[in-house]
Amino acid sequence: VRVRISKDQLTETFRLLRDCGRGDRECQVLWLSPWHDPDRIVKVVHSKHAGHAFGFQLEDEFIDRLWLDLAANGVGVRVQVHTHPGEAFHSQTDDEWPIVHTAGFLSLVVPDFARGPVGFENTYLACIEANGAWGERRAEEIFRVEVPA
Ligand SMILES: [Zn+2]
């Protein structure tokens with residue numbers, strides 16, 4: 001699978017993660033794609049959440065409104081992106097916040113509150129397998145960053 005995201009969307013994601021996290025709080029951003037073209041990211045959404053050094057909590061109201069918006073626009077959450085204070089890995093907490101439980105859903109963890117270079121270096125990518133368990137993927141192999149000509 002190749003999930004296409006533009007360079008601008010990737011840059012925007014890092015900007016949101018850094019601005020919200022301020023170097024000491026976790027943050028989450030969602031990448032949306034159309035149901036008819038699920039491997040093309042069309043929108044980057046900063047979720048409404050409470051954040052602290054070792055986790056974040058989505059606001060119920062945000063989730064309720066998100067589902068309505070998604071249904072109205074024919075899009076779904078393709079990838080969840082969130083930061084960790086230090087190293088990027090898939091934690092127990094991450095299992096509890098998948099938002100989507102379908103096979104193929106991707107969760108990207110960005111280390112060091114996203115203060116590093118924009119890109120997939122040192123990130124950790126997990127995917128929900130057909131059996132419902134999380135498996136590891138290489139972000140460089142899954143994502144294709146597109147730069148407009
Ligand atoms: Zn945030």
Side-chain angles (χ1 to χ4, degrees), residues 1 3-35 37-128 134-140 142-148:
V1 177
V3 175
R4 285 119 58 209
I5 182 163
S6 74
K7 179 79 186 164
D8 284 353
Q9 287 167 332
L10 190 61
T11 303
E12 170 74 355
T13 297
F14 272 72
R15 190 187 65 75
L16 290 167
L17 294 172
R18 287 172 186 158
D19 285 0
C20 173
R22 295 169 175 275
D24 61 15
R25 275 172 294 178
E26 291 193 9
C27 175
Q28 185 198 51
V29 166
L30 306 173
W31 290 352
L32 311 185
S33 64
W35 289 116
D37 190 5
D39 293 331
R40 181 172 57 95
I41 303 303
V42 291
K43 200 172 180 195
V44 171
V45 174
H46 181 202
S47 68
K48 277 227 164 125
H49 59 83
H52 49 89
F54 298 98
F56 61 90
Q57 186 105 10
L58 291 179
E59 291 179 7
D60 291 340
E61 195 194 331
F62 167 79
I63 299 174
D64 292 345
R65 207 182 52 240
L66 176 69
W67 296 133
L68 294 175
D69 286 352
L70 296 178
N73 294 299
V75 293
V77 179
R78 185 69 185 84
V79 186
Q80 134 180 268
V81 185
H82 77 276
T83 51
H84 272 187
E87 217 184 319
F89 57 93
H90 191 78
S91 67
Q92 177 112 39
T93 324
D94 300 341
D95 284 346
E96 292 160 12
W97 290 101
I99 289 195
V100 175
H101 298 263
T102 46
F105 179 66
L106 296 164
S107 175
L108 180 70
V109 183
V110 180
D112 195 28
F113 299 117
R115 286 177 297 186
V118 173
F120 298 109
E121 198 181 333
N122 297 324
T123 60
Y124 184 94
L125 181 65
C127 178
I128 297 183
W134 289 99
E136 186 178 358
R137 292 287 185 283
R138 281 180 47 79
E140 293 87 348
I142 297 294
F143 296 113
R144 192 171 71 206
V145 179
E146 300 186 323
V147 182

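Just follow the structure's listing: the first ligand is 1, and inside any ligand the first atom is 1.
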Can you list the protein N, O or S atoms less than 2.8 Å from the Zn ion (ligand 1)? Cys20 SG, Cys27 SG, His46 NE2, His49 NE2
Donor-acceptor pairs under 3.5 Å, side chain of residues 110-123 to any protein atom, not counting sequence neighbours: which ones?
residue, atom, partner, partner atom, Å
Asp112, OD1, Arg115, NH2, 2.7
Arg115, NE, Asp112, O, 3.3
Thr123, OG1, Phe120, O, 2.7

No-hydrogen, no-angle side-chain donor-acceptor test under 3.5 Å, Trp31 and Thr13: yes
Are Val79 and Phe105 close enough that some pair of their side-chain heavy atoms sits under 4.5 Å apart? no
Would you say that Arg40 contacts Ser33 through its side chain, given a criterion of any heavy-atom pair below 4.5 Å between the two side chains? no
Contacts of Trp35 that satisfy ring-ring contact (aromatic ring centres under 6.0 Å, His included) - sequence neighbours left out: none
Sequence neighbours left out, what pairs pass salt bridge (charged side-chain N to carboxylate O under 4.0 Å, His left out) with at least one residue falling in residues 22-33? none
